[in-house]
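Before we start, here is the structure in question, set down as structure tokens.
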Protein chains: 2
Amino acid sequence: MKKFPQKTVTRTLLYVRTLDNLLEQGKKFVSSWELAEITDLTDVQIRKDISNFGRVGRPRLGYEIRKLKSILEEYVLQHTVHVVLFGVGNLGSAIIRYPGFHNEKIKMVAAFDVDKKKVGKKIRDVKIYSFDEATKVVPKTHAEIGIIAVPAEHSQETADIIVASGLRGIVNFTPTTINVPKDVFVKNIDLSIEFLSLFCDIQRT
Amino acid sequence: MKKFPQKTVTRTLLYVRTLDNLLEQGKKFVSSWELAEITDLTDVQIRKDISNFGRVGRPRLGYEIRKLKSILEEYVLQHTVHVVLFGVGNLGSAIIRYPGFHNEKIKMVAAFDVDKKKVGKKIRDVKIYSFDEATKVVPKTHAEIGIIAVPAEHSQETADIIVASGLRGIVNFTPTTINVPKDVFVKNIDLSIEFLSLFCDIQRT
DNA sequence: ATTTAATTGTGAAATTAATAACGATTGTGG
DNA sequence: CCACAATCGTTATTAATTTCACAATTAAAT
Ligand SMILES: NC(=O)c1ccc[n+]([C@@H]2O[C@H](COP(=O)([O-])OP(=O)(O)OC[C@H]3O[C@@H](n4cnc5c(N)ncnc54)[C@H](O)[C@@H]3O)[C@@H](O)[C@H]2O)c1
Ligand SMILES: NC(=O)c1ccc[n+]([C@@H]2O[C@H](COP(=O)([O-])OP(=O)(O)OC[C@H]3O[C@@H](n4cnc5c(N)ncnc54)[C@H](O)[C@@H]3O)[C@@H](O)[C@H]2O)c1
């Protein structure tokens, strides 16, 4: 896999999502300008991003949606991502029920909780295991990413279990920074910070 | 409010969160190096960010935590942010119950749903109103930010209601791009894209 | 009082990302 | 078949951000 600007990767995933929608609407071609309208970016930005993946557009017509989508996916979506969830509380339950995590792109394959009342249950075909079973169960699921949705004070021990289970990616919803070996990638999603930074944007105008 | 690099603002909010924790632990001083360890950034980055707000550190000792915190907050946390929620489903219910949205920094003040069974109920002291009441209720709450947590196909109409209610900020959890006037700020949180981009990071190593 | 070592603060360099400018291509209509 | 206008793709330019190098400061040790 060649390496592209990090931002390009994120936007490319947005393009794929958009192209999916356009396909559903029965459209065949789309121009960089139209994509810019939909995604709230600029047409130049979009052409620049796409140019990373080769010459795929046709002057006067734009991009053939199906073709563009398949080329982009080749670079950013080689195969299904399998995720496991740690902490089936308020947030975890919502995530486990999210249809966006039960499709051909992302599949949730197992969940873990310390609460004995939850262990053994199933939500949306996802079985809930005890935390102790993680290092044994996770490898069998072929998961690549673990989600941390436990109380903040247990985020580090959960991260340790995730690492011990062999996962290389973590999405951390707790408002804490976790320590992991440097070959493990962490994406922190701190909702409070998102809201506060948006508020700063508003104030500064 | 002066304007600082956008990235600096986000990190500053992270520093404030970290300083809060250190204070709770009873610490008095912290060095840029220690902050770097905790936040997983570099010490230079941290000093550079802080230098935007004046000379606050002391060589040989580091930063006095209480003082640093109060200076940073002066720039990024003038007062409580009030938020209202649209869509009290799986995700919305989790958010409404999140303690992080019921403190002196962020306060959820109202929720809205079209489901008659939910309207009139209360979760965590937050009353659920009907969508029709939004333009009347929201202004009374002094809210600044609206959250979109309705099914994706209703995101645009919800955005329209939020704008009509006079809010200048939107946090959009649906996997769609919404159209709003240019003086309204939108923060899109697309979990699927977060997961997929993390997966790209993993693959590229 | 002087030295030393740790630590901050900052201008300059390097990197990364976005924007602009413009040439190249090609479907369309005459 | 030719001119035209729309659209892509690429190179150059500018802007934002991070990293580097090092001077300035000062608490602590002697
Ligand atoms: N609720 C939200 O909308 C929201 C939003 C942003 C961030 N968060 C963060 O997500 C995390 C979970 O939030 P929540 O509202 O779902 O909390 P919750 O208390 O509802 O759920 C926590 C779950 O983790 C399990 N758990 C408890 N102790 C555990 C341990 N030691 N190890 C493993 N699992 C344990 C509990 O059994 C429970 O099922 C918290 O850190 C919170 O700060 C929540
Ligand atoms: N569940 C998750 O963890 C999750 C994660 C990421 C994104 N999302 C997105 O968040 C949104 C909500 O997800 P969810 O799982 O809570 O869905 P949900 O179906 O559980 O909840 C949707 C809520 O919105 C209300 N609603 C329905 N139609 C409405 C309308 N026209 N106007 C206003 N409200 C309406 C419903 O009554 C319901 O309470 C979706 O767009 C989803 O894609 C959800």
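Chain naming here is simple, since letters A, B, ... match the order of the sequence lines and numbering starts at 1 in each.
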Nearest-Å distance, CG (Leu61(A)) to C1' (dT28(C))? 10 Å
Which one of Leu13(B), Val81(B), Ile106(B) satisfies the side chain to side chain contact (heavy atoms under 4.5 Å, CB included) criterion with Ser192(A)? Ile106(B)
In terms of relative ring orientation, are Tyr75(A) and Phe53(A) parallel, tilted or perpendicular, with 30° and 60° separating the classes? tilted
Can you find a donor-acceptor pair, distance only, under 3.5 Å between Arg60(B) side chain and dA6(C) base? no
Answer yes or no: does a side-chain N or O of Arg11(B) lie under 4.0 Å from OP1 or OP2 of dT18(D)? yes
Check this one for me: any side-chain N or O of Arg58(B) less than 4.0 Å away from OP1 or OP2 of dA27(D)? yes
Asp49(B) CG to dT8(C) C1': how many Å, rounded? 14 Å
Nearest nucleotide by nearest heavy atom, which residue falls closer to the 5' end of DNA chain D, Ile50(A) or Thr42(B)? Ile50(A)
DNA chain C: Trp33(B) or Thr8(A), which has the more 5' nearest nucleotide? Trp33(B)
Could you state the CD-P distance from Gln45(B) to dT7(C), rounded to the nearest angstrom? 20 Å
Note: for Arg55(A) and Lys7(A) on DNA chain C, the residue whose nearest nucleotide lies more 5' is Lys7(A)
Does either side chain, that of Tyr15(B) or that of Asp49(B), offer a donor lying less than 3.5 Å from an acceptor on the other one? yes
For a quick check, tell me whether the side chain of Lys48(B) and the base of dT18(D) share a donor-acceptor pair closer than 3.5 Å. no
Send over the distance from Leu41(B) CG to dT17(D) P, rounded to a whole Å. 15 Å
Criterion ring-ring contact (aromatic ring centres under 6.0 Å, His included) on Phe86(A) and Phe131(A), from CA distance to verdict: CA-CA 8 Å; Phe86(A) 290 80; Phe131(A) 256 53; 5.5 Å; yes
So, OP1 or OP2 of dT7(D): does either fall under 4.0 Å of a side-chain N or O from Ser31(A)? no
Could you walk me through whether Phe199(A) and Arg168(B) pass side-chain contact (heavy atoms from CB on, under 4.5 Å), step by step? CA-CA 9 Å; Phe199(A) 188 52; Arg168(B) 305 263 326 284; over 6 Å; no
What's the OH-C1' distance between Tyr63(A) and dT26(C), to the nearest Å? 15 Å
Check the distance between dA6(C)'s C1' and Asp43(B)'s CG and give it to me in whole angstrom. 12 Å
Just checking Arg47(A): base, sugar-phosphate only, or nothing, at a heavy-atom cut-off of under 4.0 Å? base
